[in-house]
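Each remark here refers to the structure printed beneath this line.
In what follows, every heavy atom counts, from backbone to side chain, and hydrogens, waters and symmetry copies are set aside.
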Amino acid sequence: MSEALDRAVVLCDHITDTQLRQQKVTAWHWGPALFGHALTRLDDHFGEPRYDTWLRRWCDHHLTARPR
């Protein structure tokens with residue numbers, strides 16, 4: 001991997017691991033939605049569901065949460 005991709009993966013791992021550990025789900029907003037999209041692209045790149053747990057938790061939460 002390139003140095004930039006290595007750093008991005010470390011950051012994504014830190015964010016997702018921290019939020020999963022704290023059982024925190026970010027509010028629906030375009031930023032976290034785009035972050036989720038980027039995580040799916042990384043999963044595709046690595047050929048494994050590396051961020052699947054975070055993505056499922058975020059999507060499930062927002063699919064079942066009452067809209068404002």
Q: For residues Pro32 and Ala27, report the shortest heavy-atom separation together with the two atoms involved.
A: CG-O, 3.7 Å

Q: Please report the closest heavy-atom contact between Trp28 and Ala33, naming both atoms and the distance.
A: CZ2-CB, 4.3 Å

Q. About how many Å separate OG1 of Thr16 and CG of Leu55, when rounded to the nearest 0.5 Å?
A. 8.5 Å

Q. Would you find more than 12 non-hydrogen atoms of other residues, nucleotides or ligands less than 6.0 Å from Gln23 atom CD?
A. no

Q) In terms of hydrophobic clusters joined by side-chain contacts under 4.5 Å, are Val25 and Leu63 together? A) no

Q: Check Leu20 against Arg57 and note the closest heavy-atom contact, atom names and distance.
A: O-NH1, 3.2 Å

Q: Using the test side chain to side chain contact (heavy atoms under 4.5 Å, CB included), find all partners of Pro49 that sit at least two apart in sequence or belong to another chain.
A: Asp52

Q. Got a donor-acceptor contact below 3.5 angstrom from the Thr40 side chain to the His37 backbone?
A. yes

With a cut-off of 3.5 Å and sequence neighbours excluded, list every side-chain donor-acceptor pair involving residues 7-14.
unit_1 : atom_1 : unit_2 : atom_2 : d
Asp13  : OD1    : Arg50  : NE     : 3.2
Asp13  : OD1    : Tyr51  : OH     : 2.7
Asp13  : OD2    : Arg50  : NH2    : 2.8

Q: Working to the nearest 0.5 Å, report the span between CH2 of Trp54 and CG of Asp17.
A: 12.0 Å

Q) Any sub-3.5 Å donor-acceptor pair from His62's side-chain atoms to Thr26's backbone N or O? A) yes

Q.
Can you confirm whether Leu5 sits close enough to Leu42 that some side-chain heavy atom of one is under 4.5 Å from a side-chain heavy atom of the other?
A. yes

